[in-house]
Visitor: 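Structure provided below as structure tokens; questions to follow.
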Amino acid sequence: MARQRAGLRFRICALALGLACGMTWPAVALAEPFQSWVAVVVAGDDKGSLGGPTKAFDNARRDISRAIIGLGLDDSQVAQFSVRPEGDRGQRPQKASARAIYQSLSTLAPAARGCLVYFTSHGDPRGVLVDDQILAPQILGLMLDRSCGEKPTVVVISACFSGVFVPALAKPNRMILTAARPDRTSFGCGEADTYPYFDACFLSAIDQVADFIALSRAVGACVAEREKTEGVSPPSEPQVWIGPQLRALLPLLTFAGARQAETLRLGGPVAAP
């Protein structure tokens with residue numbers, strides 16, 4: 001009887017939390033792990049800031065995809081896109097285009113509990129470059145509306161001027177993380193760079209934190225420190241926007257990789273997720 005009363009109290013509290021946060025999906029979704037999500041990672045260009053060839057965006061696409069898989073996703077849950085897919089026979093990305101990205105999201109999202117969408121490319125005040133076309137914020141917003149819909153969705157845009165995406169994508173069920181303000185450039189997109197600064201910080205932080213909110217803070221601090229060290233200005237000032245439906249969910253959506261790393265550090269066994 002005591003267990004039944006405790007269970008009832010837990011269910012009532014969970015329901016109250018969902019109602020207080022204005023969530024439109026069932027409260028049970030709070031218990032869904034990140035492993036039930038899908039991800040799309042896009043390298044939108046292969047040219048550096050001076051017009052010569054660069055591997056920075058594809059390096060980021062490849063290694064960010066690996067890091068996401070390390071958080072608990074299966075290979076089949078992560079779709080990669082590149083403007084030069086033939087250059088990566090190991091990962092076998094698809095050819096990057098807005099249509100192909102949308103089709104992939106539409107295929108993956110129905111069976112998923114949430115969506116992670118990551119772009120790394122050049123950008124301008126109109127949007128982010130995908131091959132030879134600018135993908136505008138409004139178009140990406142429609143793509144997400146029609147594929148991920150009301151599922152919890154995290155969108156990361158690593159590009160100059162990427163803050164322009166926040167107003168168009170901002171919805172209660174979304175988190176948006178951009179590499180720069182709407183009126184600022186980001187850095188590290190040169191021909192000799194291994195990764196853009198923002199992507200390098202994302203990669204360095206993702207194994208050290210447990211959730212997306214902590215990740216956004218760590219990336220922002222890392223970018224600011226890197227830009228200060230390199231003496232570049234004005235600072236890019238990465239932007240973060242979190243919809244009210246996600247504010248309670250994100251701290252509970254812990255990463256398997258972070259839990260396993262902490263367990264190993266303490267010398268204990270790694271539990272199955």
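Values reported hereafter were calculated over all heavy atoms of this structure, with side chains retained and with hydrogens, waters and symmetry mates removed.
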Visitor: Please confirm whether the backbone N or O of A179 pairs with a side-chain atom of S162, one donor and one acceptor, at under 3.5 Å?
Guide: yes
Visitor: For K228, does the NZ atom sit with more than 12 other heavy atoms under 6.0 Å from it, leaving out its own atoms?
Guide: no
Visitor: Rounded to the nearest 0.5 Å, how far does CG of D207 lie from CG of L215?
Guide: 10.0 Å
Visitor: Please say yes or no: joined through hydrophobic side-chain contacts below 4.5 Å, possibly via intermediate residues, are F34 and V78 part of one cluster?
Guide: yes
Visitor: Work out which heavy atom in G44 is nearest to a heavy atom in V83; give both atom names and the distance.
Guide: O-CG1, 3.4 Å
Visitor: First locate atom CZ of R247, then atom CD1 of I213, and finally report the distance between them rounded to the nearest 0.5 Å.
Guide: 9.5 Å
Visitor: Kindly work out whether a path of hydrophobic side-chain contacts (I/L/V/M/F/W/Y, heavy atoms less than 4.5 Å apart) joins V40 to L73.
Guide: no
Visitor: Test V130 against F81 for side-chain contact (heavy atoms from CB on, under 4.5 Å), laying out the working first.
Guide: CA-CA 10 Å; V130 177; F81 292 87; over 6 Å; no
Visitor: Does A100 offer a backbone N or O that forms a donor-acceptor pair with the side chain of S104 under 3.5 Å?
Guide: no
Visitor: Going only through I, L, V, M, F, W and Y residues with side-chain contacts under 4.5 Å, is there a path from F119 to L169?
Guide: yes
Visitor: Determine, using ring centers only, whether F202 and Y195 are less than 6.0 Å apart.
Guide: no
Visitor: What distance do Q239 atom CD and I157 atom CD1 have between them, rounded to the nearest 0.5 Å?
Guide: 13.0 Å
Visitor: Would you say V219 ends up clustered with I242 if hydrophobic residues are merged whenever their side chains have heavy atoms under 4.5 Å apart, either directly or through other cluster members?
Guide: yes
Visitor: Under 4.5 Å between any side-chain heavy atoms of L177 and F212, yes or no?
Guide: no
Visitor: Let's go through K171 and L144 carefully: what are the C-alpha distance in whole Å and the side-chain angles of both, what is the deciding distance for side-chain contact (heavy atoms from CB on, under 4.5 Å) to 0.1 Å, and is it a yes or a no?
Guide: CA-CA 11 Å; K171 286 198 170 183; L144 294 174; over 6 Å; no
Visitor: Taking S121 for its side chain and V128 for its backbone only, find out whether a donor-acceptor pair lies under 3.5 Å.
Guide: no
Visitor: Distance from D145 atom CG to Q138 atom CD, nearest 0.5 Å?
Guide: 11.5 Å
Visitor: Within the structure provided, determine whether W37 and K151 are in side-chain contact (heavy-atom separation under 4.5 Å).
Guide: no
Visitor: Is the closest side-chain heavy-atom distance between L116 and V156 below 4.5 Å?
Guide: yes
Visitor: Angle between ring planes, F198 versus Y118, binned at 30° and 60°: parallel, tilted or perpendicular?
Guide: tilted
Visitor: Do I64 and T120 touch side chain to side chain, with heavy atoms closer than 4.5 Å?
Guide: no
Visitor: Can you name the closest pair of heavy atoms from R181 and D183 and give their distance?
Guide: NH2-OD2, 2.7 Å
Visitor: CD1/I134 to CG/D124 distance, rounded to the nearest 0.5 angstrom?
Guide: 4.0 Å
Visitor: Does Q133, at its CD atom, have more than 12 non-hydrogen atoms belonging to other residues, nucleotides or ligands within less than 6.0 Å?
Guide: no
Visitor: Tell me, with the steps shown, if R226 and F187 meet side-chain contact (heavy atoms from CB on, under 4.5 Å).
Guide: CA-CA 10 Å; R226 175 73 182 273; F187 300 95; over 6 Å; no
Visitor: Does R61 reach the side chain of D88, with side-chain heavy atoms less than 4.5 Å apart?
Guide: yes
Visitor: Is it true that a side-chain atom of E191 and a backbone atom of L50 form a donor plus acceptor pair closer than 3.5 Å?
Guide: yes
Visitor: Hey, are S236 and E227 close enough side-chain-wise for a donor-acceptor pair under 3.5 Å?
Guide: yes
Visitor: Find out whether S82 and Q91 are in side-chain contact, i.e. whether some heavy atom of one side chain is under 4.5 Å from a heavy atom of the other.
Guide: no
Visitor: On a heavy-atom basis, which atom in S76 and which in L108 lie closest, and how many Å separate them?
Guide: O-CD2, 3.6 Å
Visitor: Once rounded to the nearest 0.5 Å, what's the spacing between atom CG of D63 and atom CG of L203?
Guide: 6.0 Å
Visitor: Mark yes or no for whether D131, through its side chain, and A98, through its backbone, hold a donor-acceptor pair below 3.5 Å.
Guide: no
Visitor: I'd like to know if the side chain of R174 reaches the main chain of G243, judged simply by a donor and an acceptor atom lying under 3.5 Å from each other, with no hydrogens or angles considered.
Guide: no
Visitor: Under the side-chain contact (heavy atoms from CB on, under 4.5 Å) criterion, do K95 and R84 qualify, and how do the steps go?
Guide: CA-CA 7 Å; K95 172 67 175 177; R84 295 288 179 269; 3.8 Å; yes
Visitor: Would you indicate whether the side-chain heavy atoms of P196 and F57 approach each other to under 4.5 Å?
Guide: yes
Visitor: Do N59 and T194 have a side chain donor and acceptor closer than 3.5 Å?
Guide: no
Visitor: Using a strict SG to SG cutoff of under 2.5 Å, would you count C222 and C201 as disulfide-linked?
Guide: yes
Visitor: Are I69 and Q77 close enough that some pair of their side-chain heavy atoms sits under 4.5 Å apart?
Guide: no
Visitor: So, the side chain of H122 versus the backbone of C189: is there a donor-acceptor pair under 3.5 Å, distance only?
Guide: no
